[in-house]
K.L.:
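First the structure, then my questions, so here it is.
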Amino acid sequence: MTNTVNAADTGGATGAGAPAGGADLRLESITKRFGDYLAVDDLDLRVPAGRFFALLGPSGCGKTTTLRMIAGLEHPTRGRILIGDEDVTATRAHQRNVNTVFQNYALFPHLSILENVAFGLRRRRVADAEARAREALALVELDHLSARRPAQLSGGQQQRVALARAVVNRPHVLLLDEPLGALDMKLRRQMQTELKTIQHEVGLTFIHVTHDQEEAMTMADTVAVMNAGRIEQIGPPEELYDLPRTAFVANFLGKSNLFTAQVSGSTGDWLELGFGPHLTRLPAARAVQSNGQVIAGIRPEKIVAVRPGEPGPGEHGWTKVSGGRVLSTSYTGVSTEYTVDVPGAGEFEVFSQNLRSEVFAEGAEVDLWWDERNVFGLPGDSDTEAGVEEV
Amino acid sequence: MSARATDDADDAASAADAAGPAGSAGAVGTTTAGPAGKPGGNAQERSPEELREHRRRGRVGMMLVVPGLLFAVAFFAVPVFSLLAMSLYTRPEGAAIGVYEPGLEFGTYAEVLSLYWEAFLRSFGFALIATIAALLIGYPMAYLVAVRLRGKPLLQGLLLVLIIAPFFSSFILRTQSWRLILSDEGVVVGFLKAVAILPEDGRLTATAFAVVCGLTYNFLPFMTLPIYANLERMDLRLIEAGGDLYASPFETFRKVTLPLSMPGVLAGTLLTFIPASGDYVNAVLLGNNQNTTMIGQVIDSRFFRAVDYPQASALSFVLMFAILILVTLYVRRFGTKELV
Ligand SMILES: Nc1ncnc2c1ncn2[C@@H]1O[C@H](COP(=O)(O)OP(=O)(O)OP(=O)(O)O)[C@@H](O)[C@H]1O
Ligand SMILES: [Mg+2]
């Protein structure tokens, strides 16, 4: 937004008038079945108050179902839901201090924008409902449209009304179900920043559902990657990206080169790995499993490709894999993406920043180098294709 | 819907919107283009292309309404006019029964009003009660099928057929059956007597109650179907949103579902009230000759028994006019504003 300063001003005013701050959210072994279908499978989750928490996962993995259970629109088959210290499992939606920004906004078409925003306040008999609703509309910079009907607004404006309608109630937990899904890329980026600003100002616990990994990583303090009704891994975005603990996370969050390797020994804090005729090492702390067959992984941008025989970027602590052949090249401007076939080890994706103008042609011979501190180790029985996006 | 937009035209944009059907596209464009959504004074400006489009649409529209217009002229305007003319006919001195000649006898109106005002009032009263009863019965039925059973098409279809099924049998037959149901030896009367709601010598046949029952029953589908059609289109996520925003199920119904279904309720009440107030079959078959006479019955007897065409025409005309006024007042009151 061009006038974030303005938003910050009004936001401060809004914050002063209402009890700010979210509450902890805890899900204890939540399970949801639809008939025979297990949509959410024994899910445990704890979101501390005031966090921007992202729930990331492919379509159909149970994100919406999880949110709906938190909101009280769906009841879990098993398990408990706690907000703050209160067990809300048995309460109904209107009794929970939780609000949702629905994916399709679900604005009331028969009410003005102002009345839409004031709806929750009026139901709770808040005295200055209208004034507060106006403040919330100012927070999303739509106060000049308060008399309109939802149908007279653009998609982005409706989205902001939906946000104002939820935020104005100062719920303990705010749920956002892919709220940016319907927006175009530019508006999406803009709203991401805006959402983040608003969350910072009102200090509520935000649970943001998305299947856009970039969105999750740029916005959230904590990301949970969900797959087939279960949470695969939770952590700060950098940690999840740097040290994935499952093949699904390694592939779903960015890209990874995963290859089967044998642990051939260990020296101090390092595990030695053999894959095909090649050798590499990884820090023992970065391996899920420290003996037998493992799946080793390295991110494409952490691999450096050089002409055969040329010196690599470093000597000590670097692995050199020689004999690679470029299978395909795709130039994206800032970087070039190669697929390199390494005999005995499989194919490697390499993202090379275009620092120099040299671009390897298809069929060129290359040596691959990587810093061994960047290698991670996954269980030997992982499916290396799990979580790979089908294009 | 467009009437509603006009109603709330509190800013320049919507005012421009309401300026004309073809103007709306242009006005919306202006609205989104302006940063603050305030178009300048050029909301009326139109390019030659827009004007041509406007004219073309006008021509196509004209062609499409021509058949309906012809039909309306032939079967509505002409009969109404001859009805009006007939109501002013005079009876020449010493003429045989049923012989009238054209005239301007306005006295017939005063005459029929003073003679039959009671039947008029009763007709509207019965129709009103039947409409309210049909609403109370029909709305929950429509709600059940359209909202509660959403996603269960088989059950929905079955119940819809049940709602429409009465239409498959003849109107007269259906009304006759009510005589059986409410007959002195029937279960209903027997039960009501047993629990002492009805006195020992009480009866239901040939009472106002029976007539209203018949009216309610016969026009129930006209109430239920429009409401169903309306609720059927409603986005159920709005109900969830109501719950999410601290509204109890009842409050959600009152503040979200009911206002959104008002167009259906409006259509249903009109479709029930209008034919019910002019109906005479129910009063004939289920009523008596003293205190259940509806205006349709009076018109029938004036026309076919007394062969008093001017009176029958005047009555018909008054009935039409009264309904028109009542409906206009009703639509004015509830049609453009929500019952919030
Ligand atoms: N009411 C329901 N009845 C039966 N199955 C359901 C129901 N709701 C959801 N499911 C199933 O549960 C699974 C999880 O659904 P959910 O809507 O939570 O997915 P999601 O992660 O939100 O996906 P998306 O990203 O596409 O929105 C899906 O396979 C879906 O088909
Ligand atoms: Mg979803």
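Keep in mind it's a predicted model, so treat the numbers as computed, not measured. Lettering of chains follows the sequences in order, A, B, ..., and the numbering in each one begins at 1.
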K.L.:
Kindly compute the distance separating CG (A:Asn104) from CG (B:Leu238), expressed to the nearest 0.5 Å.
P.N.:
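So the gap between those two atoms works out to 7.5 Å.
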
K.L.:
Of all of A:Asn169, A:Leu153, A:Leu121, which one pairs up most often with chain B through heavy atoms under 4.5 Å apart?
P.N.:
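When all of A:Asn169, A:Leu153, A:Leu121 are compared, A:Asn169 has the most.
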
K.L.:
Less than 4.5 Å apart, any side-chain heavy atom of B:Pro249 and any of A:Arg92?
P.N.:
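Side chain of B:Pro249 against side chain of A:Arg92, heavy atoms only: contact under 4.5 Å found.
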
K.L.:
Between B:Glu251 and A:Arg124, is there a side-chain N and carboxylate O pair less than 4.0 Å apart?
P.N.:
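So B:Glu251 does not pair with A:Arg124 through a salt bridge.
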
K.L.:
Let me know if A:Leu107 has heavy atoms under 4.5 Å from chain B in its side chain, its backbone, both or neither.
P.N.:
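For A:Leu107, backbone heavy atoms alone lie under 4.5 Å from chain B.
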
K.L.:
Could you state the interatomic distance from CD (A:Gln103) to CZ (B:Arg237), rounded to the nearest 0.5 Å?
P.N.:
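It is 8.0 Å, given to the nearest 0.5 Å.
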
K.L.:
So which heavy atom on B:Ala247 is nearest to which on A:Arg123, and how close?
P.N.:
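Residues B:Ala247 and A:Arg123, closest heavy atoms: CB-CD, 3.5 Å.
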
K.L.:
Do A:Arg96 and B:Tyr246 have side chains that get closer than 4.5 Å, going by heavy atoms?
P.N.:
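Sidechains of B:Tyr246 and A:Arg96: no contact.
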
K.L.:
Testing the basics here: between A:Ala106 and B:Ala241, what is the closest heavy-atom pair and its distance to 0.1 Å?
P.N.:
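The answer is O-CB, 3.9 Å.
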
K.L.:
Begin from the C-alpha positions of A:His110 and B:Met262 and carry the test side chain to side chain contact (heavy atoms under 4.5 Å, CB included) through to its verdict.
P.N.:
CA-CA 10 Å; A:His110 60 299; B:Met262 274 325 279; over 6 Å; no

K.L.:
Test side chain to side chain contact (heavy atoms under 4.5 Å, CB included) on A:Phe108 and B:Leu260; report intermediate values, then the result.
P.N.:
CA-CA 9 Å; A:Phe108 302 122; B:Leu260 284 174; 5.7 Å; no

K.L.:
For the candidates B:Asp235, B:Val256, B:Thr252, which exhibits the highest count of non-hydrogen atom pairs separated by less than 4.5 Å from chain A?
P.N.:
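Most heavy-atom pairs under 4.5 Å with chain A: B:Val256.
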
K.L.:
Keeping A:Asn99 on the side-chain end and B:Asp244 on the backbone end, is there a donor-acceptor pair under 3.5 Å?
P.N.:
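Yes; at least one donor-acceptor contact below 3.5 Å.
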
K.L.:
Should we say atom CD1 of B:Ile325 is surrounded by more than 12 heavy atoms from elsewhere, each under 6.0 Å from it?
P.N.:
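Yes.
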
K.L.:
Does the pair B:Glu240 and A:Arg68 meet the rule for a side chain to side chain contact (heavy atoms under 4.5 Å, CB included), with working shown?
P.N.:
CA-CA 10 Å; B:Glu240 293 192 337; A:Arg68 288 172 59 81; 2.7 Å; yes

K.L.:
May I have the step-by-step check of side chain to side chain contact (heavy atoms under 4.5 Å, CB included) for A:Arg165 and B:Leu245, ending in yes or no?
P.N.:
CA-CA 9 Å; A:Arg165 185 177 73 169; B:Leu245 291 163; 3.5 Å; yes

K.L.:
Please say whether more than 12 non-hydrogen atoms of neighbouring residues, nucleotides or ligands are located less than 6.0 Å from CZ in B:Arg150.
P.N.:
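Yes, enclosed.
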
